[in-house]
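Here the structure comes first, spelled out in structure tokens, and everything after it is commentary.
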Amino acid sequence: MSFFKQQVPFYILVFTAIVMIVAFFIDIPGLGGVATELSRIGVPVTAFALLLGGISLFRRHVVVVSKQERNWEFSVVLLLSFAWYFGVNVIPGMEVIARESFSRVVGKLNEGMFAIVVPFMASMAYRAFKIKDANSAFFTISAVIVLIGNAPIGDSLSPLLPMARDWLLNIPNTGAMRAVNIGIAFGIFAYGLRVMLGYERLALGEIMEKLKGGSQ
Amino acid sequence: MSISTRNIDARWIYLAVMISIILPILFPIGLPISISEGARDVYNAVEAVPEGGYVIFFPSFNYGGKGEMFSMAQAFIKHCLSQNLKLVIISFAEPMMSLIGEEAFLSVGIENYGAVYGEDIVHLGLLAGGEVTEAGFAADVHALVQVDYYGTPISELPIMDNLRSANDIDLVIILTNGGDSPAQELRQFKTGFGVAVTGGAVGGVYGSIVPYIDSGQLSGYLPSLRGTAEYELLLGKPGTAILGMDAQSLMHIVVLIFIILGNLGVGTTISKTGQQYHREVTE
Amino acid sequence: MSIFDQVIVLFTTALILMAFSFLYRENKWFTLAQYVLIGGLGGQKSAEGWVIFINSTIKATGSGNIIGPILGTVFALLMATMFVPSYAWLSRWAIAILIGTGIGVNVRAAAQTQISAQILATISGFSGTDIFSNINSLIILIGVLTVLVTFMFIPKSEGLVKHTTSIGRYFLMVAFGATFSYAILGRGSNLISRWQELLTYPSYLLIPVAAAFITYDVLKNRKSSS
């Protein structure tokens with residue numbers, strides 16, 4: 001039984017990863033089709049995971065309401081909101097109501113929630129953008145140049161401002177971010193290799209340790 | 001030296017930001033906007049697609065980024081339809097992205113461009129699975145997609161007849177909220193099949209995407225609302241992006257003023273011993 | 001605009017103003033708006049997940065190829081076993097497929113897209129004639145090298161490495177400053193689009209109501225503190 005619980009998931013992981021990589025580089029008859037089918041399997045699995053996430057949220061707040069824990073009244077509101085949006089989307093014939101009620105209510109509320117970040121960013125700029133040393137000087141001056149360069153008033157004040165913004169973005173920023181992107185790519189390789197060799201616990205948990213006899 | 005002994009309550013800063021946005025909306029100024037090379041590159045990338053060519057459009061942003069990206073989506077749809085291109089709208093990440101994609105093309109009014117749903121434009125909805133599903137889509141479209149967003153089998157949609165794989169695609173337009181885009185589209189479409197990739201990003205991630213523009217992997221990319229405003233000017237179809245730029249100007253000026261005040265020491269206080277230290281902004 | 005549409009607009013405006021009230025101070029109205037949002041997003045996402053699951057399994061069998069839909073259904077249902085403790089180990093099979101395919105597609109093209117193309121762009125920027133272009137390319141090259149050294153040698157900084165990482169940090173500070181400014185541009189757009197709607201009829205009718213609530217709270221707090 002431990003073979004099915006521990007080793008089979010690991011072999012599935014390694015097999016699917018190798019198929020996807022080899023199919024990309026080597027044109028083996030049939031392998032491309034297998035890779036496509038594996039991609040195809042991912043669609044219902046990921047979609048079902050979305051559903052399971054919603055079920056978890058629903059379950060948690062049902063418990064809060066039943067035990068009348070802290071803020072249980074708000075959990076009632078959450079459950080009603082959840083039930084409405086789930087219902088109008090799965091009941092046939094209510095597609096227009098589903099689309100309209102989401103885009104006109106929750107969609108706009110979602111935008112509003114993200115929008116309140118801006119005043120906090122302004123407050124943070126007041127408190128944190130202080131030139132105390134070389135690092136903060138580079139940070140603040142770069143932020144100021146890009147701020148003015150982005151605003152249309154910068155275009156009106158001087159054509160040099162948008163040019164300075166573009167230079168900052170295309171030259172020093174590119175140098176830094178290119179290194180970051182290269183580092184990320186090396187990280188992708190390293191992490192993928194570690195997972196395929198069994199050095200990462202992941203969601204497969206203690207399987208890896210037991211396969212290697214408890215060592216990492 | 002004492003500059004000011006008053007602490008600025010953060011809520012006054014919030015109010016100043018709000019007023020800086022409300023005033024230009026009520027009393028528009030109409031400041032001119034210059035057009036950057038980046039916006040021209042994006043415009044030219046769409047213009048380069050031959051008539052009847054396939055454009056895959058990924059509105060990969062959720063409602064949190066709608067304020068800065070929705071007008072960009074509308075501008076791209078208008079441009080593609082006015083060029084008589086075949087537009088395929090699809091999402092691989094979040095369910096809400098397919099809602100936004102639908103909202104975008106409905107708000108444009110495709111009939112104004114002589115386009116017919118199913119022949120010139122189609123909405124395939126969400127194919128959950130992220131980059132894995134993108135890879136499958138690029139390899140074999142009909143294996144991954146059976147129905148469109150409204151449940152119509154793709155065999156009944158003429159636009160899907162000649163779209164079999166990424167080899168049939170002329171341009172990928174990706175509007176991203178962040179995450180691994182557009183790197184994953186570059187991996188799956190550009191590197192794998194040589195398809196041109198362009199689009200736009202929210203402001204916070206644009207800086208990390210510039211290296212891909214510089215290396216030529218991206219055929220230009222629009223930064224947030226500013227890029228959209230420039231693109232709308234190039235198209236000759238002013239939209240909501242241009243309307244918001246006056247408010248952007250004043251808001252940026254207010255933020256700049258607060259940065260200067262912070263550096264001048266406004267809001268600091270001198271202790272009895274003469275040592276200067278910064279007081280925390282109190283709520 | 002019909003009466004029903006106006007009611008919907010006013011309802012949404014009230015929720016948005018409740019969200020904005022967080023800027024004044026944390027309060028129960030903001031919490032109410034927050035829970036409406038979480039419930040709405042949760043319901044919408046799980047419903048769409050269900051619809052996509054049906055479209056990619058049951059409805060997909062009509063295309064003739066049934067292997068993918070059947071296997072997809074099986075693995076999706078295996079994932080549901082995570083709610084049953086004694087059978088939760090079955091969900092690892094589904095998770096293993098997602099992780100394996102994800103690693104495969106990420107790794108296979110990353111070298112060309114994010115490493116070789118980027119390195120090539122860095123070193124091929126030098127042209128024979130244009131001095132300014134060569135200076136810019138040199139700055140990019142210095143930036144790439146110093147930032148890479150910064151990431152690799154952060155714990156140990158002495159001598160030449162210390163100076164190199166200092167320069168790398170300056171490049172990173174420039175990049176972060178630019179990113180912050182673009183973030184203000186981006187998030188500011190959200191706020192501007194909200195206000196563009198709030199300042200239209202009938203939304204603006206609720207703004208004095210919200211202002212009255214806040215004024216009342218300010219006066220009440222002043223009274224209780226004095």
Side-chain angles (χ1 to χ4, degrees), chain A residues 5 9 12-13 16-17 20-21 24 37-38 40-45 47-48 50-51 54 57 74 77-78 81-82 85-86 89-90 102 105-106 108-109 111-115 117-118 121 135 138-139 142-143 146-147 150 171-179 181-183 185 188 192 203-204, chain C residues 12 15-16 19 35-37 39-40 42-47 49-50 52-53 56-57 68 71-72 75-76 89 92-96 99-101 103-108 110 114-115 118 136 139-140 143-144 147-148 151 170-175 177-178 180-181 184-185 187-188 190-191 194:
Chain A
K5 282 188 181 181
I12 291 174
L13 187 154
T16 51
M20 298 305 281
I21 293 170
F24 185 74
E37 284 306 315
L38 286 172
R40 221 177 149 189
I41 290 169
V43 177
V45 175
F48 204 72
L50 288 170
L51 177 66
L57 176 76
F74 295 113
V77 171
L78 186 148
S81 179
F82 186 103
Y85 283 101
F86 190 86
N89 275 285
V90 299
F102 189 85
V105 182
V106 169
K108 290 190 193 291
L109 177 57
E111 282 187 68
M113 282 289 185
F114 275 87
V117 163
V118 180
M121 292 173 83
N135 283 328
F138 276 105
F139 182 85
S142 163
V146 175
L147 262 176
N150 273 333
I171 309 300
N173 171 76
T174 296
M177 286 302 173
R178 183 163 281 164
N181 290 337
I182 291 171
I188 290 172
L204 304 182
Chain C
T12 307
L15 287 173
I16 292 172
Y35 274 67
V36 168
L37 178 65
Q44 181 75 21
K45 284 195 183 191
S46 24
W50 172 249
I52 292 161
F53 173 71
S56 58
T57 52
L71 284 175
F75 280 103
W89 57 271
R92 293 177 187 163
W93 292 24
I95 294 168
I99 296 172
T101 48
I103 288 172
V105 299
N106 257 279
V107 161
R108 67 191 194 183
Q114 287 166 266
I115 300 178
Q118 293 294 308
N136 286 335
I139 294 172
I140 292 176
V144 172
V147 172
L148 280 174
F151 286 138
Y170 298 155
F171 274 93
L172 284 169
M173 288 299 117
V174 169
F180 181 85
S181 297
I184 288 185
L185 172 76
R187 291 293 168 215
N190 274 346
L191 192 56
R194 288 304 88 230

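All chains are named by letter (A, B, ...) in the order of the sequence lines, taking the proteins before the strands, and each is independently numbered beginning at 1.
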* To do: Output the option from Ile184(C), Leu37(C), Leu15(C) having the highest count of non-hydrogen pairs under 4.5 Å with chain A.
  => Leu37(C)
* Sort out for me which of Phe180(C), Trp50(C), Phe75(C), Phe171(C) touches chain A most, counting heavy-atom pairs under 4.5 Å. => Phe180(C)
* **Between Gly100(C), Gly42(C), Gly143(C), the one whose heavy-atom pairs under 4.5 Å with chain A are most numerous** => Gly100(C)
* To do: Flag the one option from Gly188(C), Gly177(C), Gly72(C), Gly104(C) with the top tally of heavy-atom pairs under 4.5 Å to chain A.
  => Gly177(C)
* Asked: Ignoring hydrogens and geometry, is there a side-chain-to-backbone donor-acceptor pair from Thr16(A) to Ile12(A) under 3.5 Å?
  -> yes
* Side chains of Gln114(C) and Ile188(A) in contact at under 4.5 Å (non-hydrogen atoms) -> yes
* Structure fact -> To the nearest 0.5 Å, atom OG1 of Thr57(C) lies from atom CD1 of Ile52(C) at 11.0 Å
* Identify which part of Leu57(A) has an atom lying under 4.5 Å from any heavy atom of chain C, answering side chain, backbone, both or neither. => side chain
* Structure fact -> chain C shares the most heavy-atom pairs under 4.5 Å, among Val146(A), Ile171(A), Val43(A), Leu51(A), with Ile171(A)
* **Contact origin within Ile16(C) toward chain A - heavy atom pairs under 4.5 Å** => both
* Asked: Can you tell me how far CG of Asn173(A) sits from CZ of Arg178(A), rounded to the nearest 0.5 angstrom?
  -> 10.5 Å
* Asked: Heavy-atom distance under 4.5 Å to chain C: side chain of Phe102(A), backbone, both or neither?
  -> side chain
* Could you list the residues that satisfy ring pair (Phe, Tyr, Trp, His ring centres under 6.0 Å) with Phe82(A), not counting sequence neighbours? => Phe58(A)
* To do: Name the region of Met177(A), side chain, backbone, both or neither, that has any atom closer than 4.5 Å to a heavy atom of chain C.
  => side chain
* Does some side-chain heavy atom of Val107(C) sit less than 4.5 Å from a side-chain heavy atom of Ile21(A)? -> yes
* What residues, two or more places apart in sequence or in another chain, satisfy ring pair (Phe, Tyr, Trp, His ring centres under 6.0 Å) together with Phe48(A)? -> Phe53(C)
* To do: Flag the one option from Ser81(A), Gly192(A), Gly54(A) with the top tally of heavy-atom pairs under 4.5 Å to chain C.
  => Ser81(A)
* To do: Under 4.5 Å, counting heavy-atom pairs only, tell me which of Asn190(C), Val147(C), Thr101(C), Asn136(C) racks up the most with chain A.
  => Asn136(C)
* Structure fact -> Scored by heavy-atom pairs under 4.5 Å with chain C, the best of Thr174(A), Val90(A), Leu50(A), Val45(A) is Val45(A)
* **Options Ile139(C), Leu71(C), Val36(C), ranked by heavy-atom pairs under 4.5 Å with chain A, top entry** => Val36(C)
* In terms of heavy-atom pairs under 4.5 Å with chain C, which of Pro172(A), Gly183(A), Pro44(A) leads? -> Pro44(A)
* Salt bridge flag under 4.0 Å for residues Lys108(A) and Glu111(A) -> no
* Asked: Do the non-hydrogen side-chain atoms of Val174(C) and Phe139(A) ever get within less than 4.5 Å of each other?
  -> no
* Give the member of Leu38(A), Val106(A), Asn181(A), Val117(A) that has the highest number of heavy-atom pairs under 4.5 Å with chain C. => Val106(A)
* Asked: Does Val105(A) reach the side chain of Leu109(A), with side-chain heavy atoms less than 4.5 Å apart?
  -> no
